[in-house]
Amino acid sequence: MPSVTVSVPRDFVLWRDACSYGYFLLAPNQWIPSEKTLLRPLRLKNGPVACAVSQTGKGKSLRVETSRTLKATEKGELNSQLTRMLRLDMTTAQVNEFHKLDPRWKKTGEARLCRSPTLFEDLVKTVTSCNVTWPGSRGMNRRLCEVLGEGAASGKCFPTSQILAKQRPAFLRGRCGVGYRDERLVQLAKMYAKGAIDVRWLEGAATPTEEIREYLLELPGIGPYAAANILQLLGRYELLPCDSEAVRHGREVLGMKGSSARVAKQVAKHFEQYGKYCFLSYWFELRVAYQAKHGPAHTWEYGQDGKLVTAARAAAIRKK
DNA sequence: GGTAGACCTGGACGC
DNA sequence: GCGTCCAGGTCTACC
């Protein structure tokens, strides 16, 4: 099988950093715990290509097995898409800066959060994770790929903005189960496809965070939570996406009391101590609780019933 | 500026 | 198996 090599920063660990944010569990991503390998189709200039990304050790280059031989320009495209997705552009110096602000994560080395190869996919994944439980979010992303994605049946790409923009809202609702998000997703895709959303400006280091936030809030389907989440996906960690999980964390772990709105404000205030890396501190703290319940994230996989196979559930299955 | 209710789906629960 | 209730964030109307 043809393969490509991708260089990584010396502190990068695939199983830790690819499984750092929930998007590694959303289609078209597929994590294989037993092989510590990430499977996902990528859309390149000459068409889709199925990829299997693996690594032999910390700081070692990634080995990317591809379903077809790539031309030099396509290798460059693959490199830049994986760089965005796995945050390979977050330097070791930035990682150290975060660990200096919050030393709790220095030992494990956690700092990078997995995202999507494109901003458009991040926008759609954010909208499809609002006002819905996690299985619902997984279902929407799976069906978007199955119904609208290009590529082999076993590995369909995430639909592009152009493809999504051409759909009728009722079709999206009926076939992809996106519910009331149908029109908002089509509107978002239309804006993105015609270049009305300035990706360079949004991803530009010089653009003020508050301006980006205000802009995002004007987009269909994007409210305060979604805007803050997209900001962290853009590498801006100073705001917290305060959702029900944040409130639960505030009450159960940080011992906060009062109405949900009050607790949300208290949580945001609490994490301000971590400055520009506020969200990273919050997220890794939240993960400790998840992993205490379900085991390490890189061991998570889904059974044929679509349910998460946690260590506890695996033991229960074995007993049967 | 703050609040209430609708939006839609999947899971949990009771019968 | 069926019906009911609930959780989840955004959006709009209303005060």
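This one's a predicted model, so the numbers in the text were calculated from it and none came from an experiment. Each chain gets a letter, A, B and so on, in the order its sequence line appears, and its residues count up from 1.
The base of C/dG9 sits with one of its N or O atoms less than 3.5 Å from a complementary donor or acceptor on the side chain of A/Tyr180.
Nearest nucleotide to the side chain of A/Arg143, out of B/dG10, C/dG8, C/dC11: B/dG10. Between B/dC8, C/dG8, C/dC11, one nucleotide has an atom nearer to the side chain of A/Arg184 than all others, and that is C/dC11.
For C/dG8, the OP1/OP2 oxygens have no side-chain nitrogen or oxygen of A/Ser129 closer than 4.0 Å. Residue A/Ser244 places at least one side-chain N or O closer than 4.0 Å to OP1 or OP2 of C/dG8.
Rounded to whole angstrom, the span from the CG atom of A/Asp182 across to the P atom of C/dC11 amounts to 13 Å. When rounded to the nearest whole Å, the span between CZ of A/Arg173 and P of B/dC7 equals 10 Å. We find that CG of A/Leu123 is positioned 18 Å from P of C/dG9, with the value rounded to whole Å. Summarising the geometry, the separation between CG on A/Leu188 and C1' on C/dT10 is reported as 13 Å, rounded to the nearest angstrom. Note: CG (A/Leu172) to P (B/dT9) measures 12 Å, nearest angstrom. Distance CG (A/Leu216) to P (C/dG9): 18 Å, rounded to an integer number of Å. Summarising the geometry, the separation between CG on A/Asn131 and C1' on B/dC7 is reported as 8 Å, rounded to the nearest angstrom. C/dA7 atom P lies 13 Å from atom CD of A/Glu245, rounded to whole Å.
Under the 3.5 Å distance criterion, with hydrogens and angles disregarded, no donor-acceptor pair is assigned to the side chains of A/Glu121 and A/Tyr23. Side-chain contact, A/Tyr290 with A/Glu245: a donor N or O sits under 3.5 Å from an acceptor N or O.
A/Glu210 and A/Arg213 are joined by a salt bridge, as a carboxylate oxygen and a charged side-chain nitrogen come within less than 4.0 angstrom of each other. Ion pairing of A/Lys100 with A/Glu97 is absent here, as no side-chain N (NZ or NE/NH1/NH2) approaches a carboxylate O to less than 4.0 Å.
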